[in-house]
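For reference, the structure is listed below as C-alpha cells.
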Amino acid sequence: MSPYAAGRRSVHRSVAAGVPLALLAALTVTGTAVGVPSGEARVTGSATLGDIPLGTFSNALLPGTVGDDRGVDLGGIGSDIYPAGRKGEFWTVTDRGPNGQIKVAGEKRRTFPVPGFDPAIVRIRVSGGTVKVLDAIPITTSSGKPVTGLSNQKGRDEAPYSYDASTPLSYNPNGLDTEGIVRAEDDSFWLVDEYGPSLIHVSARGKILTRYVPKGLGLTGADYRVVEALPAVLLHRKINRGFEGLAQLPGGDLVMAVQSPLSLPDTDAGEKSLTTRLLRFSTKKRAVTAEYAYRFDPVSVVDPSEDDTSELKISSVVAVGRDRLLVEERTDKAARLQVVKLTRGADILGDKWDDDTTSPSLEQLDDPAASGVPVLRKRLVVDLGTVKGVPGKIEGVARVDHDTLALINDNDFGMTDGPEAFDAQGRLVDSGIETTVTYVRLPRGI
C-alpha cells in the first residue's frame, strides 16, 4: 500500500481470470426519492465508490508503474458506463488520470501529478449504496507496456508538466485520454480518445489492437498499430475536446461524438458554435460510413446558470434502437438527454463541410438548416438538471431497461485546478467529490 495511505480505507486484492485485481470499497448513499410526482423523472438509488489508493490500484495491475500517488484515490472511472450483462454490473473506463491546470506567467500549464498512471477498464457492481470494483484491465501497448495518459504530440497537445507545473514531462505517442467504452460480442472493447481524436480497438485483456486516427495526423513512435482512417477535418478538434461519447448500434456499427464544435476555421469560431458532429463507423469495413451534424440547444437552455457557449459538450451517446441514439448535452453543472434518429438523408460525410477550406464552415453557420445542412432532429427525454439527487459532471449514461438509466459522474480523481490542489508536502487536497452511480427512472421511458 502507498506509504501515504495512512488513515485511508483498507484495500483488498483478489484475482479474477488471472488478472490481479481490484479493490472493494464502500460508502453510504441515498435511496428511493420521496415526494416526487409520479409523472416526473426521479432518482431511485445512488451508490458511491469508497477510497482506494491510486498507487495500490495501479501497481496491482502493472507493478511499479506508480511510485508516488500523492495521496490520490482511484477516480475518473466516470468517463463512461456500459452494461456488463449482469444486474447491477457495468464496465467503466478511466480517463488519462489525475490532471489539472496551473497558471505560470499568465499561461495555463497541464499537470500530471501521477504520470505513471495507466488508463484502465474497470468492471464495477452496484449493490445497495456501494460501488464495488470487481475487475480491472490495464490498457497496454502491443508489447504489454502501459500506454499512460500523457500527451502525444508537441505543438498539437498540451505540454505535460509535473504536479506543481514546475517540471516539463516527456510526451508519449502511446498516451490515451480514454472516454467512451462499449464491449463487442467477441469480448473485445472499443474506446474513444480525446487526443487524436481516436477510436481504439482493445483486446479482452486490454492490449491495443488498432488505433484509428484522422487522416494526416502523422502520429509516429507508438508501440501499436495506428491507422489513419477518420476524416481529416477532425484534425481541427478543440484541445481536450476530441471524442467523448461512444455508442454501439444493434447491428454492430459504432457512433462517435465529437465533444465540442471543431475549431474551424479557428478557435474563436469553435468557441461560439452550437454545431458539432457525430460519426458512424463500420466495425466490419473498418471505416467511417456516415457523418451527422448535431445542433446544441443554447447554453442558457441546457444550464440556466451558464452564459459561455464553449461550456457545452456531448459526453455520452447510447443506442436506444436500430438507428436511434440518446445524446447527452451538458455543462459541468447540468445535462439534458435528447433522442435523435440517424437517417441516410442526414449524412454529410464527404461533402463540402468536410473540406476545411469551405467558407463559412459548418461551425460558423448560425442556422445550418437554412443553409441546406440536414441537421439531426432531436426530442428531449429528460432535463437532468431538474432531477433532484443527480450530481454534476455526468459523463456516462447507460440504459438499464426501458424506464431506467444508470448515470456516472467524473470526479476528476478528487482534483481541482490551481496551485492549491496540493499541500506543501505535495499531497492532494481532495475536493471531496466522490464517484457516484445514480439510477434515474423515466416516467414515460425512452
Side-chain angles (χ1 to χ4, degrees), residues 1-2 11 13 15-23 52-70 72-77 79-80 91-99 110-123 133 135-153 157-163 167-181 188-196 198-211 213 219-226 412-413 415:
M1 179 174 292
S2 165
V11 179
R13 183 187 302 179
V15 176
V19 181
L21 196 158
L23 320 138
I52 301 173
L54 192 59
T56 303
F57 173 83
S58 296
N59 292 327
L61 302 176
L62 294 170
T65 51
V66 173
D68 183 356
D69 64 13
R70 299 196 173 278
V72 179
D73 288 322
L74 175 65
I77 66 172
S79 288
D80 203 4
W91 292 105
T92 65
V93 64
T94 70
D95 56 22
R96 58 185 164 179
N99 68 94
R110 178 63 58 182
T111 64
F112 289 81
V114 190
F117 174 77
D118 189 53
I121 296 166
V122 183
R123 185 169 181 159
V133 174
D135 199 355
I137 304 169
I139 301 171
T140 60
T141 69
S142 296
S143 60
K145 297 178 181 178
V147 296
T148 79
L150 294 169
S151 308
N152 292 169
Q153 296 175 300
D157 302 314
E158 293 170 301
Y161 282 86
S162 58
Y163 82 98
T167 306
L169 302 176
S170 298
Y171 288 85
N172 185 351
N174 294 316
L176 296 174
D177 187 3
T178 44
E179 295 292 342
I181 181 172
S188 64
F189 297 93
W190 290 92
L191 309 169
V192 287
D193 149 82
E194 295 202 66
Y195 284 141
S198 317
L199 173 67
I200 307 125
H201 194 198
V202 177
S203 76
R205 307 299 294 176
K207 188 171 292 188
I208 294 180
L209 303 174
T210 308
R211 181 179 183 182
V213 300
L219 179 64
T220 59
D223 182 25
Y224 47 68
R225 184 170 178 251
V226 177
D412 292 322
F413 292 83
M415 276 199 61

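Counting from 1, the numbers follow the sequence of the chain as shown. Values below: all heavy atoms of this structure, side chains included; hydrogens, waters and symmetry mates excluded.
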Inset, instruction - Give a yes or no on whether the backbone of I181 and the side-chain of D80 come within a donor-acceptor separation of less than 3.5 Å. - result: yes
Is there a donor-acceptor pair under 3.5 Å between the side chain of Y195 and the backbone N or O of G149?
yes
Distance-only polar pair, side chains of T141 and D223, donor-acceptor under 3.5 Å | yes
- Query: Would you find a donor on one side and an acceptor on the other, under 3.5 Å apart, between the side chain of S151 and the backbone of E158?
  - Reply: yes
When rounded to the nearest 0.5 Å, the distance separating CG of L191 from CZ of R211 is 11.0 Å
Any idea how W91 and F189 line up, ring-wise: parallel (<30°), tilted (30 to 60°), or perpendicular (>60°)?
perpendicular
Value for CD1 (I121) from CD1 (I139), rounded to nearest 0.5 Å, stands at 5.0 Å
d(K145 NZ, L62 CG) to nearest 0.5 Å is 12.5 Å
Rounded to the nearest 0.5 Å, the CZ atom of R225 sits from the CG atom of L209 at a distance of 9.5 Å
Under the 3.5 angstrom rule, does the side chain of S58 hit a backbone N or O of F117 as a donor-acceptor pair? no
T178 and P119 have their tightest heavy-atom pair at OG1-CB, 3.6 Å
**Asked** Between D68 and V114, is there a donor-acceptor pair closer than 3.5 Å when you use the side chain of the first and the backbone of the second?
**Response** no
- Examine distances only and state if a side-chain atom of S198 and a backbone atom of I200 form a donor-acceptor pair shorter than 3.5 Å. no
Heavy-atom nearest pair, G221 first then N174, reads O-OD1, 4.4 Å
Is the backbone of G76 close enough, under 3.5 Å, to the side chain of T94 for a donor and an acceptor to pair up by distance?
no
Only residue of D412, D193, D177 satisfying salt bridge (Lys or Arg N to Asp or Glu O under 4.0 Å) with R96 is D177
task = Look at the side chain of N152 and the backbone N and O of L176, then say whether any donor-acceptor pair between them is shorter than 3.5 Å.
result = no
Test side chain to side chain contact (heavy atoms under 4.5 Å, CB included) on I52 and D73; report intermediate values, then the result.
CA-CA 5 Å; I52 301 173; D73 288 322; 5.6 Å; no
query: Can any side-chain N or O of D118 pair as donor or acceptor with the backbone N or O of V147 at less than 3.5 Å?
result: yes
Value for CG (L219) from CG (D157), rounded to nearest 0.5 Å, stands at 9.0 Å
* To do: Walk me through it: do M415 and N99 pass the test side chain to side chain contact (heavy atoms under 4.5 Å, CB included)?
  => CA-CA 7 Å; M415 276 199 61; N99 68 94; 5.7 Å; no
Quiz item: Do the non-hydrogen side-chain atoms of F112 and T148 ever get within less than 4.5 Å of each other?
Solution: no
Between A136 and P138, the two heavy atoms sitting closest are O-CD, 4.0 Å
Rounded to the nearest 0.5 Å, the CD1 atom of I137 sits from the NZ atom of K207 at a distance of 13.5 Å
Minimal heavy-atom distance between S170 and L150, with the atoms involved, is O-CD1, 3.8 Å
